[in-house]
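Single-structure report; data block below.
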Amino acid sequence: MRKLGGIKLSHHKNTENCKSVSLPLPAKVRIPMSMHIGAPCEPLVKKGDTVTVGQKIGDTEAFMSAPIHSSVSGKVTAIADYRLSNGRTCKIVEIQTDGEQSVCPDVKPPEVNDKAGFLKAVRESGLVGMGGASFPAHVKLAPKQEVDTLCINAAECEPYITSDYRQMVEAPEEVIDGVLQVMKYLSIPKCVIGIESNKPEAIRILTEKAKAHSGITVHTLPCTYPQGAEKVLIYNTLGRIVMEGQLPADQGAIVMNVSSVAFISRYLKTGMPMISRMVTVDGDDVIGKRCNAVVPVGTPVKDVLAFAECDMERAERLLYGGPMMGVSISDAEDPVIKANNAILAFKKFPSKEASQKASACIHCGRCISACPLNLMPPDICRAYAAKDTDSLNKLKVMLCMNCGCCTYACPAKRPVAETNQFAKVLVMAEGKK
Amino acid sequence: MGLLTVSPSPHIRSAMTTQKIMLMVVLALVPAIISGTIFFGPRALFLVVFCAVVSMFTELVCRALMKKEGTISDGSAMLTGVLLALNLPVTLPLWQAAIGCIFAIAVVKQLFGGLGCNFANPAITGRIFLLLSVGSDMTAWVKPFYYLDAPALGLFETTGSQALDGLTGATPLASGDAGLMELFIGNVGGSIGETSALAILIGGIFLIAAKLIHPSTPAAYLGSLAALTFVQVLVTGGEMTEVLYALLSGGVMLGAFFMATDYVTTPITVKGKIIFGIGCGILTFVIREFASMPEGCSFSILLMNLLTPYIDKFTRTTPVGAKKEKKEAAK
């Protein structure tokens with residue numbers, strides 16, 4: 001079977017042997033009320049309140065959401081407006097830490113006996129997809145469709161990031177246990193763990209651990225970015241095509257990030273909600289001590305970078321996540337959020353070619369061969385220039401997942417994927433009319 | 001700490017640039033330039049350099065006149081000049097070569113908007129322009145190594161082929177009397193860069209290995225031409241070596257590897273490239289057999305250039321997970 005894939009990238013997995021270390025407690029944290037796709041939470045605390053570790057500080061009635069907990073103990077010093085990277089605003093709770101880290105009395109292992117109890121526990125844990133998409137886990141785990149396979153995304157296909165890898169090699173039993181819990185409560189008979197071939201150690205360890213359990217297999221994926229893209233992963237591990245407009249569950253699969261299932265295992269044992277996560281801190285030579293740090297949610301990016309001995313005078317570009325799909329950080333005071341698997345710092349563009357000016361399209365077709373979904377960016381670009389939404393729909397622009405392969409491959413350094421996003425906005429605006 | 005720079009993802013780019021692509025294609029033409037220089041003397045090399053310089057100068061002037069950003073550095077004008085020179089007879093007067101370059105760059109390329117916007121291959125169209133305007137000088141073919149026996153043509157000679165009375169002859173494609181080995185090595189009369197199949201193959205394989213061109217175009221072009229010649233041999237009862245002869249003589253090798261693979265003027269998908277190649281093969285065969293001129297390679301590629309937008313339209317890829325259009329679903 002032909003595998004889907006886009007491009008070969010340099011891996012830069014510089015931190016793969018960096019054992020996870022805990023970040024020193026920051027002086028203050030700022031916790032946004034929206035760290036997930038869906039409705040933002042309302043703050044449950046007010047200025048001057050004292051909060052403890054694991055205390056719920058934000059929630060909402062909305063189904064498509066996930067509650068938010070305090071990652072520290074201390075005093076709420078402000079509740080302000082905060083602009084998210086997608087341009088929307090939400091409330092942000094600022095907490096001055098008291099250094100005690102006293103744990104909230106509500107934090108205790110949840111009682112789970114059935115599927116409903118499991119889903120309730122997952123919701124209460126505040127878990128969102130930890131791979132970057134930040135989809136509320138309790139929503140994902142409650143599909144209406146019949147699901148026969150749990151697909152674990154352990155591809156970690158973005159360069160630099162190794163936080164999933166460290167989870168797999170440091171605590172593989174958490175991964176397997178999390179998988180078993182999900183399979184048990186959701187009555188899913190099969191599980192495939194997809195790992196890129198550049199992580200032989202993780203493949204070896206998990207294959208070994210999975211032997212004892214029937215139904216769990218480890219699938220080695222090729223090292224072509226973006227193996228971790230949901231549709232690519234499902235096709236390459238299960239041979240199923242998620243059609244346009246469909247969810248993975250329509251093809252009988254649920255995809256979960258490997259760190260997310262490991263979190264479920266920890267939560268069911270301890271009841272400690274999602275208040276910290278492992279973050280790969282890397283970049284170019286502005287980073288003095290690259291590392292994998294366990295960071296309390298809400299920690300300012302600059303504290304994390306200071307821990308990694310980043311030369312802030314020279315750092316000009318900061319990223320949440322990897323260089324392919326990561327989001328630029330505009331302010332080093334911005335907080336680390338739940339889906340934040342890496343913070344990267346560079347003195348300039350991560351590759352010097354990225355700073356070149358765009359020139360004319362030479363029709364070379366590299367963007368088409370690079371697209372994991374076989375879209376045709378040059379035609380999309382032309383249709384977008386003509387504001388021709390009919391053609392854009394025929395060209396299936398809405399399938400574009402902004403993986404960035406086309407922009408990466410373009411020799412004329414044109415903003416190819418970026419144009420696709422504009423085209424998608426145009427199509428959506430047209431659809432609303 | 002200074003201000004941070006933000007940009008949409010992706011934040012990294014591949015090392016490949018338009019300029020690198022163009023320079024690598026020129027590099028792939030070096031074997032053909034060397035073979036041309038060996039067989040046709042130093043004037044061949046001079047003509048290549050001359051055409052490259054004139055093309056780049058024309059590009060510079062055009063962009064300046066149009067008050068557009070300069071584009072010489074992308075290397076495409078140089079490539080056009082080199083390709084055009086390799087399609088010229090070594091005896092062509094310089095002023096004629098210069099006109100060919102100016103036509104290729106100014107009319108075929110820049111008037112349509114420059115790199116990426118031209119619908120026809122500038123080098124091929126420049127060659128056809130010269131063929132139609134100065135036909136006798138464009139079809140004066142000196143024999144290989146003529147420059148060893150007779151006083152070589154001066155670099156700046158303007159009289160053209162008249163100065164070389166008695167040294168010229170028909171190309172093997174017209175005469176049909178060259179040995180296959182001679183044709184393969186390139187030891188026959190013809191344009192500077194088209195005679196040596198060996199030199200072109202070296203360059204072509206380099207382009208394929210470096211993933212600069214897709215092998216489907218030359219394979220479809222040469223394959224369809226060979227197939228048609230094969231059928232012809234079956235029907236008329238000739239020798240099977242004629243199939244090889246058809247591939248090695250004339251400008252087909254240069255055309256198939258370097259002209260029919262031009263990104264801008266040929267289809268973008270593999271399916272489209274195959275259709276394009278087959279079209280070129282059929283047209284070349286038809287022109288060679290039934291038209292009034294001996295060689296049809298340039299014309300076939302130009303004609304297929306014109307069809308490229310339509311081929312592109314009908315050979316779009318099917319995105320993964322795309323639902324079929326309603327029309328097809330109703331079937």
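Quick note on labels: first sequence line is chain A, next is B, and so on, each numbered from 1.
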Residue pair His363(A), Asp262(B): steps toward the side-chain hydrogen bond (donor to acceptor under 3.5 Å, both in side chains) verdict = CA-CA 9 Å; His363(A) 212 243; Asp262(B) 172 40; over 6 Å; no
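Side chain of Ser14(B) to main chain of Tyr408(A): a donor-acceptor pair is present (N/O by atom type, distance under 3.5 Å, no hydrogens or angles).
A heavy-atom distance below 4.5 Å is not found between the side chains of Val6(B) and Ile329(A).
The part of Thr269(B) that comes within reach of chain A is its side chain, from C-beta onward, which places non-hydrogen atoms under 4.5 angstrom from that chain. Residue contact with chain A, scored on non-hydrogen atoms closer than 4.5 Å, is absent for Gln19(B). Only the side chain of Asp312(B) comes within less than 4.5 Å of a heavy atom in chain A; its backbone stays farther off. Contacts of Lys211(B) with chain A are made by backbone atoms alone, with heavy-atom separations under 4.5 Å and no side-chain atom involved. Neither the backbone nor the side chain of Lys347(A) comes within contact range of chain B; no heavy atom of the residue lies under 4.5 Å from a heavy atom of that chain. Heavy atoms closer than 4.5 Å to chain A are found nowhere in Ile213(B), neither backbone nor side chain. With a 4.5 angstrom heavy-atom cutoff, Leu115(B) touches chain A via backbone and side-chain atoms both. Neither the backbone nor the side chain of Thr71(B) comes within contact range of chain A; no heavy atoms are under 4.5 Å apart. Contacts between Cys361(A) and chain B at a heavy-atom distance below 4.5 Å involve the backbone alone (N, CA, C, O). Of the atoms belonging to Cys371(A), not a single heavy atom falls under 4.5 Å from chain B.
For the pair Gly365(A) and Ile268(B), the tightest heavy-atom approach, listed with the atom from each and the gap, is CA-CG1, 3.5 Å. In terms of heavy atoms, Pro8(B) sits closest to Glu418(A) at CG-CG, 3.8 Å. Considering all non-hydrogen atoms of both residues, Pro159(A) and Ile12(B) come closest at CG-CD1, 4.4 Å. Between His11(B) and Gly326(A), the shortest heavy-atom distance links the atoms NE2-O, 2.8 Å.
Atoms OG and CG, from Ser328(A) and Leu4(B) in turn, are 9.0 Å apart once rounded to the nearest 0.5 Å.
Atom NZ of Lys13(A) is surrounded by more than 12 heavy atoms from other residues, nucleotides or ligands within 6.0 Å.
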